[in-house]
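So you know, we letter chains A, B, ... as the sequences are listed, proteins then strands, and number each from 1.
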Number of protein chains: 2
Amino acid sequence: MKKTTALAISITTGDARPVFRQIVDQIREQIGKGNLPPDSKLPSVRALAMQLGINPNTVSRSYSELTAQGLLGARRGLGVFVLEPQQQLSDDAQQQKLEEATKGFVNEVMYLDFNPQQIADHVLAELNKIKNR
Amino acid sequence: MKKTTALAISITTGDARPVFRQIVDQIREQIGKGNLPPDSKLPSVRALAMQLGINPNTVSRSYSELTAQGLLGARRGLGVFVLEPQQQLSDDAQQQKLEEATKGFVNEVMYLDFNPQQIADHVLAELNKIKNR
DNA sequence: TTAGGTGTACTAGTTTAACTAATACACTAC
DNA sequence: GTAGTGTATTAGTTAAACTAGTACACCTAA
């Protein structure tokens, strides 16, 4: 039987993001870094809920969102697994997503005392840390 | 007497961001693009509230936040003005802000079918559009 | 001095998203 | 049949966001 991979995530009180969003973001990050390879099994919604001290429905919501994004696959009676990377969005939708994300990011960093090249280099460095690219 | 600069912003229903946050972000963007040069006068909280169909307290909240960020200066009886750019954050706080913003951005774009260089180039292009850098 | 326009602050109420709790059902492997 | 798994629903609570109303302090022009 498939062994569950430990999930090194936590909830931060004071984080502006809702709890379910924090879970979504951290799991994406773990997958992106290769700490959760395809086919690995995640903790059950009840187990992760106990680990994080939250309600199983909240965990289920996070898993549902990641499933909708194509990162996870859930099977009743069996559990939740990391999927092989597969693209859910059309080319247009991806371009739009990139535009939107970039706009938000630029809005956050535009007034910092870094020049554009420094910021772009920093983004490139962080992206290059993601193993599966 | 100083003339009020028209403010080309709007509220988007369905946007996940709260209304006051949308206003903050759009004013930052207008300033960043040079559409609101230093010393220009923004609409009063009552006028902008009417323009956007929201409560003056909500506008006041947005203006307060931008004032705290050092982008705007408010004077009772006179109005709200764009300030000369000045840095509010220490070097460490700026570095931290860049790390945090980059992490969020990377989380959003990591699974798109673009390579790191493409994404970094796109960020650089958007940053170079901001005139005051 | 007054009127009109400006920002700021407070109280009270409403709305809505997020979360919890409980429960029940469907699926799977043993 | 049992234990463990995901999924869904209902009901309740909490807190953030927003509105409405009101009042006060400041500023300029007349």
Which one, C:dG7, D:dT7, D:dC18, comes nearest to the side chain of A:Ala74?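 Of C:dG7, D:dT7, D:dC18, D:dT7 is nearest to the side chain of A:Ala74.
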Looking at A:Ser44, I'd like to know whether one of its side-chain N or O atoms comes within less than 4.0 Å of OP1 or OP2 on D:dG4.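 No.
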Nearest-Å distance for atom pair [atom1]/[atom2], residues [X] and [N]:
{"X": "A:Asp15", "N": "D:dA16", "atom1": "CG", "atom2": "C1'", "value": "15 Å"}
{"X": "B:Leu78", "N": "C:dT6", "atom1": "CG", "atom2": "C1'", "value": "7 Å"}
{"X": "B:Arg46", "N": "D:dC24", "atom1": "CZ", "atom2": "C1'", "value": "11 Å"}
{"X": "B:Leu48", "N": "D:dT19", "atom1": "CG", "atom2": "P", "value": "12 Å"}
{"X": "B:Leu52", "N": "D:dC18", "atom1": "CG", "atom2": "C1'", "value": "14 Å"}
{"X": "A:Met50", "N": "C:dT20", "atom1": "CE", "atom2": "P", "value": "14 Å"}
{"X": "B:Arg17", "N": "D:dC18", "atom1": "CZ", "atom2": "P", "value": "12 Å"}
{"X": "B:Lys41", "N": "D:dT28", "atom1": "NZ", "atom2": "P", "value": "12 Å"}

For the residue pair [X] and [Y], establish whether any side-chain heavy-atom pair is separated by less than 4.5 Å.
{"X": "A:Pro43", "Y": "A:Tyr63", "result": "yes"}
{"X": "B:Leu52", "Y": "B:Thr58", "result": "no"}
{"X": "A:Ile54", "Y": "A:Ile23", "result": "yes"}
{"X": "A:Leu48", "Y": "A:Leu42", "result": "no"}
{"X": "A:Lys33", "Y": "A:Glu29", "result": "yes"}

For DNA chain D, which residues in residues 54-65 of chain B have a heavy atom at a distance below 4.0 Å?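 Those residues whose heavy atoms fall under 4.0 Å from DNA chain D, taken from residues 54-65 of chain B in numerical order, are B:Ile54, B:Asn55, B:Asn57, B:Thr58, B:Arg61.
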Closest-nucleotide ordering on DNA chain C, the 5'-leading residue of B:Thr4 and A:Arg76: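 Its nucleotide being nearer the 5' end, the pick is B:Thr4.
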Below 4.0 angstrom, N of the basic side chain to O of the carboxylate: do B:Lys129 and B:Glu126 qualify?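 Looking at B:Lys129 and B:Glu126, the cut-off is met.
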Where at least one partner belongs to residues 76-94 of chain B, residue pairs that pass salt bridge (charged side-chain N to carboxylate O under 4.0 Å, His left out), sequence neighbours excluded: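 Qualifying pairs: none.
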